[in-house]
Amino acid sequence: MSLREISLSIENELLAQRYARIAEVEKLGYRSYGQRFDFTHTIPQILKDFSPRTAEELAGTRVEVKITGRIFTIRRMGKAGFAHLMQLGEKLQIYIKKDAVTEREFALYQLLDLGDIIGVWGYLFRTRTGELSVHVEGLTFLSKTLLSMPEKFHGLEDVELRYRQRYLDLIANPDVMNVFRVRARIISSLRRQLESRGFVEVETPMMQPLYGGAAARPFVTHHNTLDIDLYLRIAPELYLKRLIVGGLERVYEINRNFRNEGISTQHNPEFTMLEFYQAYTDYLGLMDLSVELLRETAIDATGAPAVKYGEVTLDFSRIRRFTIREAVIEFWKEDLTRPSTDNVRDPEWLARYSHRHTPGEQLVEIFERVAESHLIEPTIIHEYPVETSPLSKNNPADPAFVDRFEIYAAGMEIGNAYTELNDPQEQRRRFEMQLGMRERGDDEAHQMDEDYVRALCYGMPPTGGEGIGIDRLAMLLTNRQSIRDVILFPLLRPEGPIGIAGELRALENGGK
RNA sequence: GGGCCGGUAGCUCAGUCGGUAGAGCAUUUGACUUUUAAUCAAAGGGUCGCGGGUUCGAGUCCCGCCCGGCUCACCA
């Protein structure tokens, strides 16, 4: 036997032990991969409904329950034993003693491994130490675990394993399950609020022949029958506004965007965006709507409008508002002389502090450098320069600026909104300006979308539109510092060979 | 892509100056009919991420690579 073969057979030892248990379970007349099990209560229901009951109350009125769960801990003591079953992130103790179950059932209990899924029935009681428990009067087997569970005390800490094997993360770390429950509540809250305001949920193409609606590099794919390249969308914006032209008036979409760019604690190549468009309003109307949406979402998701995020508190019932120029002045830290309101309007001053091409780009770059990381408490920043906003409407008083705002919290951009540009002639000029930037080497500049311009030629009502990054909002409302902690399966490099199929094949062939 | 940090038993982690690879949980065997990170007694389990190099000798030092985390740049 080579060293390699020896180590392989040793690695298989745990797996082989558990695989052998399957035959023993079946010898007792149970199925190792079970059948339907009609429980009377979930574990969270029992904890919620019966935690207030005292030991005397439980002894007085017998409460019969039939429950299921995965074995999280087991403590065997000869002719009796305790175990904790885990279901939906919560644990309930069960007590099994030889006298109270059949011989066959006790034999089954003795075969159980951590991680097995079983069903038990019996009555509720409190142990000597007061823990609510099920006094088991019968049990059955529902599913076998062949691999060993993560450590019961520390859970699964290896972040790589947690992301690659999210199922294990969910089994071992109950708070992870809660993160994704809160995320689901965020999305359903937003849906409910938008629908109560008359918004219609729509689905627009994920695969687009022309990508647009944002500045980003796309993923490219190919359709064989049509023999055309398609882009995974970087934003749904231009399609949603076509629907506004078509008269839908209030539309929204919650779905994935794909951007072929860096990965970080705040960026995943696919991410979820809410975009909504409301005809006959403008960015100021959306500002008020955003404030309400965010406050209600925070309450629905967490129970309160203010949440702890790391060391700070984010209060979504008190959202500050600054213009981008006010923010530069407010958060200026670069030297002792704070810029004046005249400075931030002065192209020469802007050029002194930024090497970007135009005053607008310079202003945005200065803002991002001096202010963005200080926008911890929820803050609305408004009045953006036209150069960086090719789809927004000009401010009537100052055409170098557009009627646009962004929402920041914890130093992250979580929303972006503007009065939509609905003048086809101006939109054509903006696209041409973007084409110029593209020729100068900006490969994230917008492409000309003639069908979109044609749609505007039919007349789009004055409209406000907004996008909210769902993943980032979920980070804020679940107190997670990385976007990967709010995405069930974040993108990672594929792992190497796993080898489980070979090990299972070896077991089937009798260990060889 | 740059910088910093990490990868040791199924899991959580130690490993000193380069000198026989360790603990807890999990596993196996035995004891135990109210335990709860159960306890007690014993046992088994290692490609120290991968590949080179230096050395009498490498988990440890050097080089390259793989995977991950944080961070900077870019972006939402």
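The chains referred to below are lettered A, B, ... by the order of the sequence lines, with proteins before strands, and numbering in each begins at 1. Nothing here was measured: the structure is a model prediction, and the numbers come from that model. Below, each value reflects all heavy atoms present in this structure, side chains not excepted, and no hydrogens, waters or symmetry copies.
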Could you check whether A:Asp169 and A:Tyr163, counting side-chain N and O atoms only, form a donor-acceptor pair closer than 3.5 Å? no
How long is the line joining CZ of A:Arg162 and C1' of B:rG6, in whole Å? 16 Å
Between B:rA43 and B:rG6, how far apart are the two C1' atoms, rounded to whole Å? 33 Å
Check: protein-nucleotides 12-14 of chain B nitrogen or oxygen pairs below 3.5 Å:
residue, atom, partner, partner atom, Å
B:rU12, OP1, A:Glu157, N, 2.9
B:rU12, OP1, A:Asp158, N, 2.8
B:rC13, OP1, A:Glu157, OE1, 3.2

Rounded to whole angstrom units, what separation is found between the CG atom of A:Leu147 and the P atom of B:rA9? 16 Å
Sugar-phosphate, base or nothing in reach of A:Thr265, heavy atoms under 4.0 Å: sugar-phosphate
Phosphate OP1/OP2 of B:rC40: any A:Arg76 side-chain N/O under 4.0 Å: no
Under 4.0 Å between any heavy atoms, over every strand shown, what does A:Ala214 touch: base, sugar-phosphate, or nothing? Just pick one. nothing
B:rG30 versus B:rU20 - spacing of their C1' atoms, nearest Å: 31 Å
Looking only at the side chains, is there a donor atom on one of A:Tyr95 and A:Gln93 sitting less than 3.5 Å from an acceptor on the other? no
Within the 3.5 Å criterion, strictly below it, is a donor on A:Gln193 or A:Ser189 matched to an acceptor on the partner's side chain? yes
Just checking, any donor-acceptor pair under 3.5 angstrom between side chains of A:His154 and A:Glu151? yes
Using the P atom on both, measure B:rG3 against B:rC65 and round to a whole Å. 11 Å
Whole-Å distance between B:rA41 C1' and A:Met77 CE? 18 Å
Can you figure out which of B:rU33, B:rA26, B:rU35 approaches the side chain of A:Ser148 most closely? B:rA26
Between CD of A:Glu368 and P of B:rA73 the distance, given in whole Å, is 11 Å
Would you say A:Thr42 and A:Gln87 are linked by a side-chain donor-acceptor pair, where the criterion is simply a distance under 3.5 Å? no
Please work out if A:Arg259 contacts a base, only the sugar-phosphate, or nothing of the nucleic acid, heavy-atom cut-off 4.0 Å. base
Any base atoms under 4.0 Å from A:Arg126, or only sugar-phosphate, or nothing? Heavy atoms, all strands. nothing
Interatomic distance at P, B:rG59 relative to B:rA42, whole Å: 30 Å
How about A:Phe258 and A:Tyr231: are their ring centres within less than 6.0 Å of each other? no
Rounded to whole Å, NE2 of A:His84 lies from P of B:rA38 at a distance of 9 Å
Would you tell me if any nitrogen or oxygen in the side chain of A:Arg75 comes within less than 4.0 Å of OP1 or OP2 on B:rC32? no
Base, sugar-phosphate or nothing for A:Asn268? Non-hydrogen atoms, less than 4.0 Å. base
Closest approach to the side chain of A:Phe153, judged atom by atom: which nucleotide of B:rU34, B:rA37, B:rU33 is it? B:rA37
Note every stem involving RNA chain B: at least three consecutive Watson-Crick or G-U wobble pairs, i with j then i+1 with j-1, with both distances under 3.5 Å. B:1-7 with B:66-72, B:10-13 with B:22-25, B:27-31 with B:39-43, B:49-53 with B:61-65
Check each residue of residues 480-500 of chain A for a non-hydrogen atom within less than 4.0 Å of any atom in RNA chain B, then write out the ones that pass by number, or none. A:Ser482, A:Arg484, A:Leu492, A:Arg493
Quick one: which of B:rC67, B:rA76, B:rU28 gets closest to the side chain of A:Arg164? B:rC67
A:Phe276-A:Tyr252 aromatic ring centre distance below 6.0 Å: no
Can you tell me how far P of B:rG69 sits from OH of A:Tyr163, to the nearest Å? 7 Å
Dump the intermediate steps for salt bridge (Lys or Arg N to Asp or Glu O under 4.0 Å) on A:Glu495 and A:Arg493, then the final yes or no. CA-CA 6 Å; A:Glu495 65 181 314; A:Arg493 275 183 206 281; over 6 Å; no
Which value, in whole Å, describes the distance between the P atoms of nucleotides B:rA37 and B:rC25? 13 Å
The residue, A:Glu406 or A:Tyr95, whose nearest nucleotide of RNA chain B is more 5′ is A:Tyr95
C1' atom, B:rC32 versus B:rC11: distance in rounded Å? 27 Å
Can you check the distance between B:rC48 and B:rG15, where both ends of the measurement are the C1' atom (answer in whole Å)? 10 Å
Figure out the CG/P separation between A:Asp116 and B:rU27, and round it to whole Å. 11 Å
Quick one: is the NZ or CZ of A:Arg472 closer than 6.0 Å to the six-membered ring centre of A:Phe271, and within 45° of its axis? no
Under 3.5 Å donor-acceptor pair, A:Glu131 side-chain atoms to B:rU34 base atoms: no
Stacked pair A:Phe271-B:rA76, distance under 5.5 Å, angle under 30°: yes
Pair A:Tyr384-A:Glu406, side-chain donor/acceptor within less than 3.5 Å: yes
Applying a 4.0 Å non-hydrogen cut-off, can you work out what A:Glu261 is touching in the nucleic acid: base, sugar-phosphate, or nothing? sugar-phosphate
Indicate whether OP1 or OP2 belonging to B:rA26 is found under 4.0 Å from a side-chain N or O atom of A:Lys152. yes
Specify the residue among A:Lys98 and A:Leu112 whose closest nucleotide of RNA chain B lies further upstream toward the 5′ end. A:Leu112
May I have the distance from A:Gln266 (atom CD) to B:rC70 (atom C1'), rounded to whole angstrom? 13 Å
Does one side chain, of A:Lys241 or A:Tyr452, offer a donor that lies under 3.5 Å from an acceptor on the other? yes
Which listed nucleotide (B:rU34, B:rU71, B:rU28) is nearest to the side chain of A:Phe82? B:rU34
Distance flag, aromatic centroids of A:Tyr408 and A:Phe367, threshold under 6.0 Å: yes
Would A:Arg295 count as a cation-pi partner of A:Phe316, with NZ or CZ less than 6.0 Å from the six-membered ring centre and within 45° of the ring normal? no
Integer angstrom distance from the P of B:rA31 to that of B:rG68: 48 Å
Donor + acceptor pair across side chains of A:Thr204, A:Glu253 (<3.5 Å): yes
Any side-chain donor paired with an acceptor under 3.5 Å for A:Thr73 and A:His84? yes
